[in-house]
Asks: 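Please find one structure pasted underneath; my questions will follow.
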Amino acid sequence: MIGPRPGPSHAIGLLLAALVGWIGSAGAATGQDLPDLDDVLMAPGVCETGSFTWRVGVDCAVAIRPDADTELLEFALLTTTAGDERTATPCHVRPAGVPGLIDGPAVSCPDIGIDDVTSGRRSVGIVGPWRTGTTVFEIDVEDTSAPWWLPPSTSATFGDRAVRWVVDPDTDPIDGTWVQLVPTFDDAWASSVAASELPIETDADGISRMVFRPEVAPGSYRLWFCDGEDPDTCERRPGGWAVQVMTADLVELIPGHNVADAERINVVFFGSDLAPIEVAAGFESIERTARSLLGWTGPTDAFVNARGDVLDEAPIRWGPFATEPIASNRHRFNLWFVAEPLDHVDALFLDVTDPGIHEGFDLANVHAVLMRADDRFGQSDARFASFTEVTEFPSAASQIVFGNTRMVLDTNNLSAAIQVLTHEWGHALFGLRDEYTELSRPIATGAPNCAPDEPTAEAWWGDRVGDVDPFVDVVIEQVQSFGRDPEIEFGGSLADQVRVATTPGGCYGALDDRSAFRPNRGSAMRETNPVFGTINRERIEAVLDLFSGWAPYRGLSDVGDDCGHDGASTVCVLALAPFVDAPPQGFAIDDLPCEAPQRDGRRWTARCVLPGVATTVTLTDGLDRRDVALARTTPTTASATDLATTIDVEAANDVIDDVDDGVPVAPIVLVGAGGLAVIGLLVAVRRSRVAT
């Protein structure tokens, strides 16, 4: 999230205005006035357990009155709150009820937890697009010291992979302690094991993890610690950790684009609590929501509100693949999504130093984008890439761990997040710093774009002063194609904003504060300016250059052939699958070497000539052989380019139909500029190594 930022009263005003607008649009969408929560829920609710403690939550539910409009309630955004302590726990309507707690229609609020865990009783309510209702849940907090086991507050496991949590390597498991994995809202234990029997693994960094391998079906569970002689009679300790077991089947987001084993950045989109977006704007799935953020077909001026209305003359927004240099390097990315909803986005929003950040992915260089709706209690943010805090830039892709991005989607303007994702990738993938002003945060400096003093700035970019990112010209043409004036759109000359200079202020500090220096007046890392700028662009290019985008040669199954003869000689033109390297040994037909393979853009091709006329030839790659029948007897006119065109069914750089239904886009060109839109927010949760 970037500035310019309004003051507190302005931010609250924006939030209230957005909320009033949401209520009006939601009511109009259903043709009804929204009732008070007091008239909808049958408080008090019930909870799975009576207390929670350090870093753990509690699952609760409350019945819906029989005469309430369940469909209207499903459209609303429901979140828990505990007085001034905002729990920000999403709640869900469950028409069939909650097993073991409520038989009829209910609202389920899983994993309620708050930061203050001093002993006492907490009153927890539910907030919707109404006023806050009366107390819905009463939860006891039990103050305990940190135990020998330190699970994350939430976790996600994939398929048959182990449930893991960090343990104190200096403390042995306690005899008489059982570990149980129990289906949510179910008292019957599904799988248990004695804690003393669980293996402990310690990695090279000295971080120990206890491993529990349950054989359970995909679903939502709670991991409990239980004291006693056996799991049937043992007494559970307060709390319990939310665990989601997922199949996590990866699906290609852009058909025909991915090359699974290529050296690429593997971006995986997850969705959580996206129902309000799907209901309001016609999004059918996590897949459609993820596609709307990419900028794959270029910049867009679409504004989609909570009713799905598309309004003209909204700000133009550039998603990451509408920006340069990302757009020109699409082949260095694989794009995936998981269709199964993620219960808790924080389960994967871990620091890059956490050993489990990418466990569960059979991919290298993973970056997860965690999407959720409702921006009232949070904002989009990202974990920095692993090289952000080090002075030596990585020399190989294998040295990088990417941070993950948490996208909070504004249901009053679903299009706003398009450019937000561009900005957050600046942090999570490329290690760029925020260049805006936010006086509530300490100044944060670091390479390449936030120098601590003027001499450092001179050393970092002094030789580039005056340079202008050439993407400026493209952006200006794009803005004009929308019928807009670039000077009005950007509040002056875009080139002047991004021209390299030693500019004091920013990096959270006030303008002209000489405690920090940035390389330009404005950029995608400062405001809604849609250009990264020369210095930031060079960092992005340096990271992308570590990824070839190509897969190693896998065999003759990757080779297409077109062979014929002209009465005197036999000619074969070979073309490899897109972004697959040629075999080191080259090709041969009937053991006669072909010409050396040539790379033409996104594929390798080779031409083979065999004296004499043949009806069948044997193609070899130094590893395998296959017989090829000549397709014709007339003189061949095939060329490498012709063949590449005829057998190319991969659509990596094509505009695909129906990519952005629900958020229409303007298909100008396949490039754009990166920036960030401003969303009015009330609360921002800050963590170490997190940037917004």
Side-chain angles (χ1 to χ4, degrees), residues 1-2 253-254 257-258 264-270 287-300 302 315-337 365-371 380-385 402-409 414-432 434 469 471 474-475 478 523-533 536-537 539-544 547 549 652-653 655-656 659-660 663 665-677 691-692:
M1 191 68 187
I2 65 170
L253 186 59
I254 303 296
H257 174 73
N258 292 355
R264 296 182 173 187
I265 300 171
N266 284 285
V267 180
V268 183
F269 285 84
F270 285 86
E287 173 186 14
R288 190 168 296 276
T289 306
R291 281 181 174 180
S292 74
L293 301 178
L294 294 178
W296 196 259
T297 56
T300 176
I316 303 171
R317 306 187 192 281
W318 284 259
F321 288 101
T323 71
E324 286 294 357
I326 299 175
S328 298
N329 288 277
R330 295 180 178 212
H331 67 287
R332 302 180 199 268
F333 293 83
N334 284 330
L335 301 170
W336 313 90
F337 72 95
N365 304 109
V366 172
H367 167 69
V369 179
L370 313 168
M371 305 177 298
S380 297
D381 47 6
R383 300 287 185 183
F384 278 118
F402 291 119
N404 290 338
T405 293
R406 179 167 53 184
M407 293 296 299
V408 181
L409 307 181
L414 305 180
S415 309
I418 294 172
Q419 206 155 319
V420 175
L421 182 61
T422 302
H423 174 91
E424 301 303 345
W425 276 16
H427 301 307
L429 298 182
F430 309 118
L432 299 176
D434 284 316
D469 187 334
F471 190 47
V474 177
V475 171
Q478 291 174 332
S523 79
M525 300 312 295
R526 176 169 173 80
E527 53 195 17
T528 54
N529 180 330
V531 180
F532 277 104
N536 292 332
R537 177 172 180 150
R539 162 58 67 86
I540 294 172
E541 290 172 336
V543 173
L544 294 177
F547 297 85
N653 291 313
V655 176
I656 64 173
V659 121
D660 280 312
V663 178
V665 297
I668 306 303
V669 292
L670 291 179
V671 294
L676 187 63
T692 56

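Values in this document were obtained by computation on a predicted structure and should not be read as measured data.
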Asks: When the ring centroid of F532 is compared with that of W318, is the distance short of 6.0 Å?
Replies: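 Between F532 and W318, the centre distance exceeds or equals 6.0 Å.
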Asks: Quick one: pull up NE2 in H423 and CD in E527 and give me the separation to the nearest 0.5 Å.
Replies: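 It comes to 11.5 Å.
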Asks: Please step through side-chain contact (heavy atoms from CB on, under 4.5 Å) for the pair N365 and R264, ending with a clear verdict.
Replies: CA-CA 7 Å; N365 304 109; R264 296 182 173 187; over 6 Å; no
Asks: Hey, is the main chain of L335 close enough, under 3.5 Å, to the side chain of N258 for a donor-acceptor pair?
Replies: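 Between the backbone of L335 and the side chain of N258 there is a qualifying donor-acceptor contact (under 3.5 Å).
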Asks: Please check if the side chain of R330 supplies one atom and the backbone of W296 the other of a donor-acceptor pair under 3.5 Å.
Replies: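 Checking the backbone N and O of W296 against the side chain of R330, a donor-acceptor pair under 3.5 Å is found.
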Asks: Mind listing the closest non-hydrogen atom pair of L409 and M371 along with its distance?
Replies: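 Shortest heavy-atom separation between L409 and M371 comes out as CD1-CB, 4.3 Å.
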Asks: Please enumerate all residues that pass ring pair (Phe, Tyr, Trp, His ring centres under 6.0 Å) together with F269, with sequence neighbours excluded.
Replies: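 Expected list: none.
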Asks: Within this structure, what is the CZ-CE distance for the pair R539 and M525, rounded to the nearest 0.5 Å?
Replies: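 Output value for this atom pair is 11.0 Å.
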Asks: Holding to side-chain contact (heavy atoms from CB on, under 4.5 Å), I want the full list of residues that pass it with N329, two or more places apart in sequence or in another chain.
Replies: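 Counting only residues at least two positions away or on another chain, N329 forms a side-chain contact (heavy atoms from CB on, under 4.5 Å) with P325, H331, R332, L544.
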Asks: Hey, what do you get for CZ (F402) to CZ (F430), rounding to the nearest 0.5 Å?
Replies: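 Reported to 0.5 Å precision, the distance equals 7.0 Å.
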Asks: With rounding to the nearest 0.5 angstrom, report the CZ to CZ distance, F270 to R406.
Replies: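 CZ of R406 is found 15.0 Å from CZ of F270.
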Asks: Using 30° and 60° as the class limits, which term best fits the ring planes of F333 and W425: parallel, tilted or perpendicular?
Replies: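 Judged by the thresholds at 30° and 60°, the geometry between F333 and W425 is parallel.
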Asks: Heavy atoms only: give me the nearest T422-G319 pair and the separation to one decimal.
Replies: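 Between these two residues, the closest heavy atoms are OG1-C, 3.0 Å.
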Asks: Are the side chain of H427 and the backbone N or O of R383 linked by a donor-acceptor pair below 3.5 Å?
Replies: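 Such a contact is absent between H427 side chain and R383 backbone.
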Asks: Please lay out, stage by stage, how L294 and I254 fare under the test side-chain contact (heavy atoms from CB on, under 4.5 Å).
Replies: CA-CA 10 Å; L294 294 178; I254 303 296; 3.9 Å; yes
Asks: Rounded to the nearest 0.5 Å, what's the gap from CG on D381 to CE on M407? Could you check?
Replies: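 Answer for the CG-CE pair, D381 versus M407, is 10.0 Å.
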Asks: Are V366 and V268 close enough that some pair of their side-chain heavy atoms sits under 4.5 Å apart?
Replies: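 The answer is yes, as the side chains (C-beta and beyond) meet within the 4.5 Å cut-off.
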Asks: Let me see the working for H367 and N404 under side-chain contact (heavy atoms from CB on, under 4.5 Å), right down to the final yes or no.
Replies: CA-CA 5 Å; H367 167 69; N404 290 338; 4.1 Å; yes
Asks: Can you name the nearest heavy-atom pair linking S292 to T289, along with the distance?
Replies: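 It is OG-O, 2.6 Å.
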Asks: So, for P320 and L293, which heavy atoms are closest and what is the spacing to 0.1 Å?
Replies: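 Nearest pair, atom of P320 first, then L293: CD-O, 3.3 Å.
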Asks: Report the distance from atom CZ of F337 to atom CZ of R288, rounding to the nearest 0.5 Å.
Replies: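 F337 CZ to R288 CZ: 10.5 Å, rounded to 0.5 Å.
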Asks: Could you check whether any side-chain N or O of S523 sits under 3.5 Å from a backbone N or O of V531, counting only pairs where one atom can act as donor and the other as acceptor?
Replies: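 Checking the backbone N and O of V531 against the side chain of S523, no donor-acceptor pair under 3.5 Å is found.
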Asks: In sequence, state the C-alpha distance, the side-chain angles, and the governing distance for I540 and L432, and then conclude on side-chain contact (heavy atoms from CB on, under 4.5 Å).
Replies: CA-CA 9 Å; I540 294 172; L432 299 176; 4.3 Å; yes
Asks: Closest approach of A385 and A428, non-hydrogen atoms and distance?
Replies: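 For A385 versus A428, the nearest heavy atoms are CB-O, 3.3 Å.
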